[in-house]
Amino acid sequence: MVSRRFVLKAAVVGAAGLALPLYRAGELSAKPAIEKFVRPLPIPEQLEGEIDNGRRVFDLSLQRGRHEFFPALATPSAGINGDYLGPVLRTRRGDKLRINVTNTMSEASTLHWHGVHLPAIMDGGPHQVIRPGQTWSPEFDIRQPASTQWYHAHMYHRTAVQVYFGLAGLFYIDDDAADRLHLPSEYGVDDIPLVLQDRSFNSDGSFSYMSSMRDRMTGMKGDVMLVNGAPFPVHQVASKLMRLRILNGSNARIYNLEFSDGRTMQQIATDGGLLARPVALRQLRLAPGERAEIVVEFSPDDNVVLRHKPLPNRRAVSRGMMGMMMGADDQPFEIMQFRATTPVAAKSALPSHLVKVRNWASRDAAKTRKMVLDMRMGPAMMFGNGFTINGKAMDIKRIDERIRLGDVEIWEIRNDSPMPHPFHIHDIQFRILDRNGQRPPANEMGLKDTVLVDAGETVRIITQFENYSDPDNPYMFHCHILEHEDAGMMGQFVVI
Ligand code: C2O
Ligand code: CU
Ligand code: CU
């Protein structure tokens with residue numbers, strides 16, 4: 001994949017703030033040897049919590065650890081209730097939750113419920129800091145449809161490195177409407193999570209992070225693909241109809257997924273829940289922060305690789321020096337293998353209709369808000385205002401947008417920079433109205449909380465800010481390339 005030949009030492013590490021000697025940057029010696037498709041795909045533990053006084057209670061602990069990504073090499077890492085990544089939290093629409101999050105690490109962190117509709121003070125963004133030794137216990141209700149959400153660290157200026165080390169996990173929401181469809185839903189059997197992350201390692205097994213100027217500009221990419229924390233794993237398929245819940249949990253890499261034999265996948269869900277009907281695809285583009293649920297059919301003796309194919313849309317690779325960097329990064333590579341010996345038949349076929357997806361009419365919008373994403377290289381970047389929204393780099397003391405409770409709004413997101421940015425809004429799910437004035441593809445016509453905006457593109461979304469208002473505690477909107485978020489491509493809104 002990517003060779004790390006041009007390395008600018010030390011100078012580029014600055015913003016990460018070396019509170020802990022977590023990693024070493026820029027080592028050029030040989031990497032640990034990797035054999036592909038040998039390690040079995042790990043299935044994360046699934047937690048249903050304990051019911052206490054009508055509340056579903058989870059206990060989570062943020063911890064440092066050492067994880068064996070490679071045989072006999074321990075990588076200093078971080079995780080939730082474990083040494084890399086965290087459990088799948090299983091919740092249900094109507095649940096009242098309490099989540100006790102204890103920080104056992106020696107640096108401050110936060111835990112954000114990405115995609116979940118909740119009060120700002122429970123959101124786990126950069127204002128809800130959990131200091132070392134402290135426990136934070138947010139309480140909130142689940143009032144949104146069945147979906148695959150996730151959680152991750154969101155510490156101001158430290159999100160990227162903390163997530164890179166492993167502070168992330170999945171958060172499932174179930175509901176009656178989804179149950180009635182009899183989709184594949186036996187966890188770990190015909191319903192499995194795939195958390196995709198690319199990582200870079202040094203020869204001693206330690207993570208390599210932010211070793212080059214490019215890492216800082218385009219975000220941190222690696223040449224080792226982890227799925228649920230295992231490098232290039234293999235999964236033995238048990239059932240003919242498999243539901244794969246895919247999270248792009250990478251810091252910066254955009255995937256264009258396909259199977260090596262070109263087989264079709266049926267996308268059944270976007271970030272915010274099920275689509276109106278399955279959408280047949282041969283390729284699926286997924287940007288950092290986005291989720292997609294797909295259903296794939298397997299036959300006896302199948303042996304197929306899930307891989308990345310460079311993005312077909314090449315505005316991104318043609319614009320200037322950044323475009324060249326992006327292009328060099330975007331090589332084809334393999335991710336994991338699926339093997340089916342004698343898969344068992346599915347209990348029921350995939351329904352042709354799924355759910356009614358919530359939507360809003362443009363005429364009901366109280367206003368249109370404009371968001372312009374930009375990045376500048378050179379001195380502006382070094383001085384911390386190179387990554388901006390509407391010309392401003394994130395300031396945690398500044399509220400950027402004030403939104404009236406209950407309002408339907410259109411946000412027009414324009415990307416004036418030379419590379420794509422996945423734009424994410426906290427608290428709400430939205431629908432994509434158009435991309436450069438064109439209707440979005442069918443598999444994007446569902447609820448979303450993150451949308452990829454290509455270089456030069458304008459995307460309009462529509463949503464409603466409801467139920468929770470708080471003049472003092474903001475939610476975030478930002479680029480989900482985590483290095484961009486940390487470098488300033490983030491803003492704050494309050495609902496009042
Ligand atoms: Cu995935 Cu602001 O978060
Ligand atoms: Cu979020
Ligand atoms: Cu970005």
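This chain uses plain numbering: 1 for the first residue, then up along the sequence. In each ligand, atom 1 is the first atom listed, and ligand 1 is the first ligand listed. Predicted, not measured: the structure shown is a model, and the values here were computed from it. Computed over heavy atoms, backbone and side chain alike; hydrogens, waters and symmetry mates excluded.
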Query raised in the report: Are side-chain N/O atoms of Glu483 and Asn251 paired as donor and acceptor at under 3.5 Å?
Result: yes
Report task. State whether His424 contributes an N/O/S atom found under 2.8 Å from atom 1 (Cu) of ligand 1. Result -> no
Query raised in the report: Have His117 and Asp427 got a donor and an acceptor in their side chains that come within less than 3.5 Å?
Result: yes
Query raised in the report: What angle, to the nearest 10°, do the atoms ND1 (His421) and ND1 (His484) form about the Cu ion (ligand 3)?
Result: 110°
Report summary line: The reported gap from CZ in Phe430 to CZ in Phe423 (rounded to nearest 0.5 angstrom) is 8.0 Å
Query raised in the report: Does the ring centre of His424 sit less than 6.0 Å away from the ring centre of Trp150?
Result: no
Query raised in the report: With a 3.5 Å cut-off and no angle check, do the side chains of Ser109 and Asn103 form a donor-acceptor pair?
Result: no
Report task. Please find the N/O/S atom of His114 nearest to atom 1 (Cu) of ligand 1 and write down its name. Result -> ND1
Query - At atom 2 (Cu) of ligand 1: angle between His478 atom NE2 and His154 atom NE2, to 10 degrees - result: 110°
Query raised in the report: Which N/O/S atom belongs to His480 and is the closest one to atom 1 (Cu) of ligand 1?
Result: NE2
